[in-house]
Amino acid sequence: MRLRVEFTTEPFDLDEVPRHALVAREVIETAELDAVDVGPFGNTAEGGADAVLTAVDALLRKVLEAGATRVSLQVNVMGEAGEGGK
């Protein structure tokens with residue numbers, strides 16, 4: 001099964017990137033995911049179910065430790081593994 005996760009971390013700071021946002025970026029960019037898009041107001045990643053769920057677990061644990069007070073996320077099933085495309 002392929003999954004897509006979309007998430008944001010808070011609190012926002014428009015003057016400088018909060019530590020929890022930097023930690024989130026590092027976790028997602030180093031995870032074994034197929035597609036990652038990191039942006040200023042939202043982030044997305046896709047991959048196999050095991051990889052996405054492992055990344056989400058690490059993401060939640062590490063950003064909360066880094067000072068996030070809220071994490072909003074949505075997980076969507078994109079299809080079965082091996083269906084082609086991302």
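Just so you know, these numbers come straight off a predicted model, no measurement behind them. Scope of the values below: all heavy atoms of this structure, side chains included, with no hydrogens, waters or symmetry mates.
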Check: When clusters are formed by joining ILVMFWY residues with side-chain heavy atoms under 4.5 Å apart, either directly or through shared neighbours, do Val38 and Val17 land in the same one?
Finding: no

Note to self: For Asp50, I'd like to know if atom CG has over 12 heavy atoms of other residues, nucleotides or ligands within 6.0 Å.
What the structure shows: no

Next item on the list: Report the C-alpha separation of Val71 and Leu60 in whole Å, then their side-chain angles, then the decisive distance to 0.1 Å, and conclude whether the side chain to side chain contact (heavy atoms under 4.5 Å, CB included) test is met.
Entry: CA-CA 8 Å; Val71 180; Leu60 291 172; 3.7 Å; yes

Check: What residues, two or more places apart in sequence or in another chain, satisfy side chain to side chain contact (heavy atoms under 4.5 Å, CB included) together with Glu6?
Finding: Arg4, Thr44, Gln74, Asn76

Checklist line | Closest heavy-atom pair and its distance - Ala49, Leu3 | finding: CA-CD1, 3.7 Å

Notebook entry, point to check: Does anything in residues 57-77 pair up under salt bridge (charged side-chain N to carboxylate O under 4.0 Å, His left out), and if so which pairs, sequence neighbours excluded?
Noted result: Glu10-Arg70, Asp57-Arg61

Check: Given the rule that I, L, V, M, F, W and Y join up when any side-chain heavy atoms are under 4.5 Å apart, are Leu53 and Val36 in one cluster?
Finding: yes

Checklist line | Least distance between heavy atoms, Val52 atom then Glu46 atom | finding: CG2-C, 4.1 Å

Between side-chain atoms of residues 18-29 and protein atoms elsewhere (two or more places apart, or another chain), which donor-acceptor pairs fall under 3.5 Å?
residue, atom, partner, partner atom, Å
His20, ND1, Thr9, OG1, 2.9
His20, NE2, Pro11, O, 3.0

Next item on the list: Could you tell me the separation between the OG1 atom of Thr54 and the CG atom of Leu59, rounded to the nearest 0.5 Å?
Entry: 12.0 Å

